[in-house]
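Below you'll find the structure, written out as structure tokens, and then a few comments.
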There are 2 protein chains.
Amino acid sequence: MSRPTIGDVARVAGVTKATVSHAYSGKRPISAATKARVFAAAQELQWVPSSSARALATRRANAIGIVLAREPAILASDTFFPAFISGVETALAEHEVALVLQVVGSRTAEERAYRAMANGRADGVIVLDLHRTEWRVPFLQQLRLPAVLLGAFDGPTSFSCVRTDDAAPVRELVAHLRGLGHERIAHVAGPLDYVHSHARAQAYLEEVGTPELLREGDFGAGSGRALTAELLELADRPTAILYANDTMAIAGYSLARSRGLTVPDDLAVAGFDDDHLSAYLTPALTSVSSDPLQRGRVAAERLLADLAGEPPRQVTVDCTVLRLRASTEARAARGHQPEETS
Amino acid sequence: MSRPTIGDVARVAGVTKATVSHAYSGKRPISAATKARVFAAAQELQWVPSSSARALATRRANAIGIVLAREPAILASDTFFPAFISGVETALAEHEVALVLQVVGSRTAEERAYRAMANGRADGVIVLDLHRTEWRVPFLQQLRLPAVLLGAFDGPTSFSCVRTDDAAPVRELVAHLRGLGHERIAHVAGPLDYVHSHARAQAYLEEVGTPELLREGDFGAGSGRALTAELLELADRPTAILYANDTMAIAGYSLARSRGLTVPDDLAVAGFDDDHLSAYLTPALTSVSSDPLQRGRVAAERLLADLAGEPPRQVTVDCTVLRLRASTEARAARGHQPEETS
DNA sequence: ATGAAAGCGCTAACAT
DNA sequence: ATGTTAGCGCTTTCAT
């Protein structure tokens with residue numbers, strides 16, 4: 001006994017396949033009586049429509065895709081991704097749409113993955129880690145694969161974008177640190193080829209006026225450590241450092257302390273992305289939470305809307321919140337307990 | 001101009017669809033000359049086989065599934081999951097198999113998700129977060145959906161299992177702490193309904209002999225904090241606490257320090273899973289890394305082997321490594337020689 | 001309101 | 001070594 005098909009259900013219900021199909025889709029009026037017979041038959045046979053058959057007939061996979069071009073090791077230590085996925089899923093669940101995930105290592109593999117998505121695996125994709133020079137945007141356009149870009153894409157595009165204001169929290173942080181008397185404020189950025197890293201670095205530069213204390217890291221702990229060492233060895237060393245993520249920040253302040261500096265008295269430190277452990281460090285790390293869950297939900301909803309035929313739109317999600325914690329406190333303010341998390 | 005089909009390629013190459021199909025699958029000898037013509041035609045038309053059509057014809061989705069029944073918020077702060085996924089993907093990439101992910105909130109939704117997987121979305125699934133009483137195992141068996149279970153499943157099953165020795169690192173940790181003179185060693189476990197939490201708690205009990213200092217947490221920071229408070233208020237409080245994950249451990253030692261205790265002098269602390277930040281805390285947190293990346297790879301490879309027709313197997317991945325760090329150091333060790341070399 | 005039949009784009013017997 | 005012909009399990013005209 002192999003899996004039942006729509007034909008089996010039709011036979012048991014004493015109708016044709018078309019009737020069964022329409023009883024479910026509602027694309028045609030079906031009398032209450034036949035509908036009941038059809039549902040009963042389906043129930044009895046435990047029938048569930050085959051998604052591949054349906055996909056072939058409707059040219060709709062009922063799935064969306066995400067292709068991640070990251071080293072597995074880097075992905076593994078990423079705090080953003082799982083939350084983002086969760087957000088995407090909350091949006092998809094309501095529409096019975098699945099998520100197809102592919103992690104690739106090379107440009108070739110990435111292209112192949114998108115081609116596969118375009119050829120029946122997915123109806124559209126969400127594009128993460130936007131670069132300033134993006135080959136994927138024209139590529140996807142040419143594939144005619146609907147896409148939603150996460151982040152601000154400058155070039156011309158007919159794709160929807162889900163943006164976040166990357167600059168504002170940087171400005172706020174710089175202002176906050178200045179308020180505490182800091183004048184030498186450094187920034188350890190992420191790879192400047194990423195649009196969000198670039199936007200943050202740009203905001204920093206506009207506030208500070210000089211690239212003297214700007215360094216480009218790679219989001220890994222190693223680069224956080226190395227660049228911090230470099231900054232601390234300057235003749236006129238910074239008294240505060242803004243890092244592009246928490247991993248680099250923690251590696252950095254850990255190094256600073258191993259050199260005898262006290263955080264925040266000798267060196268104030270702030271991160272980005274608000275790792276779930278950051279509130280529990282000692283001192284607790286000031287960071288910027290960016291609600292990846294909400295962004296995932298919004299991006300997925302946007303894509304579903306595009307697929308439903310709505311015109312593409314630029315959405316801005318306002319979701320960054322400054323978490324001011326002990327690592328950027330004024331000297332006088334010390335002695336507080338770590339904050340409660342909710 | 002809609003997407004090219006295998007028929008278009010066949011026409012351009014001057015052969016039939018079957019030849020094109022076989023030129024790619026290699027399931028039939030094709031002369032080098034025709035093969036070349038076929039590939040050239042495919043190249044010219046930018047043809048990629050439709051995965052839904054292929055899925056329907058072969059009854060193979062060329063995808064495997066993972067259904068996660070977790071709160072999005074909990075998933076978001078999980079260090080295991082992204083690394084595991086990466087591992088899965090490294091195995092799948094070589095076989096051009098996709099990963100379909102579904103995060104569900106309710107039991108009903110979970111069943112529906114598995115049903116959908118069974119009906120063409122996926123060829124098999126990897127089951128995570130194994131419970132001691134598992135409805136999913138018989139359910140999947142009844143659906144005849146191939147599965148690989150991550151963890152030791154006690155009941156009868158014809159599914160492959162990918163196990164890890166959860167007990168050994170607990171025993172080692174207890175022994176290590178005893179060697180440092182600790183006699184009151186507590187354990188803040190994960191939910192005991194999980195097989196791995198249970199196995200760890202069991203190992204702890206066998207070593208320690210009494211459940212007096214055993215507490216059941218939920219892997220969240222909040223429960224780590226609360227249960228630590230409870231343990232520290234005991235008349236004869238523990239001098240060391242083993243936590244079932246790093247999140248609880250960090251919340252716990254943060255609380256202990258806010259009460260004036262020094263780690264590791266007044267309280268030794270160890271976690272589990274080796275969060276990527278744990279090595280950077282002060283003091284660095286002793287933990288057990290369990291190589292989720294490798295486990296993901298092995299689980300996926302096992303599933304692919306099952307799907308290829310190999311008989312199911314029980315595989316044990318020996319991948320836990322004790323990371324002894326400052327949070328469990330001997331008092332004497334700070335500035336003196338440790339009494340034991342490992 | 002329902003039935004009959006023609007695809008969707010592939011793969012897999014069965015031929016030659 | 002290649003062509004012919006049926007399907008795979010749905011959806012969707014076109015009839016009635």
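Chain letters run A, B, ... following the sequence lines, proteins first, then strands; residues in each count from 1. These figures come from a predicted structure and were not determined experimentally.
- Aromatic rings from Phe159(B) and Phe153(B) are positioned such that their centres are separated by 6.0 Å or more.
- Note on Lys27(A): only backbone sugar-phosphate atoms sit closer than 4.0 angstrom, heavy atoms only; bases stay farther off.
- Counting non-hydrogen atoms under 4.0 angstrom, Ile30(A) reaches the backbone sugars and phosphates but no base.
- A close approach under 4.0 Å does not occur between any side-chain nitrogen or oxygen of Thr58(B) and OP1 or OP2 of dT11(C).
- Using a 4.0 Å heavy-atom distance criterion, Thr5(A) is classed as a sugar-phosphate-only contact.
- Heavy atoms of Ser52(A) sit nowhere under 4.0 angstrom from any nucleic acid atom.
- Closest to the side chain of Leu56(B), from the set dA6(D), dC10(D), dG9(D), is dG9(D).
- Here dG7(C) presents its P atom at 19 Å from CD1 of Ile6(A), a figure rounded to the nearest Å.
- Residues Ser52(B) and Ala55(A) come closest through the heavy atom pair CB-CB, 3.7 Å.
- Counting all heavy atoms, side chain and backbone alike, Leu307(A) lies closest to Arg60(A) at O-NH2, 3.5 Å.
- Residue Ser50(B) is classed as a sugar-phosphate contact, given heavy-atom separations below 4.0 Å to backbone atoms only.
- Side-chain atoms of Arg28(A) and base atoms of dG3(C) include a donor and an acceptor less than 3.5 Å apart.
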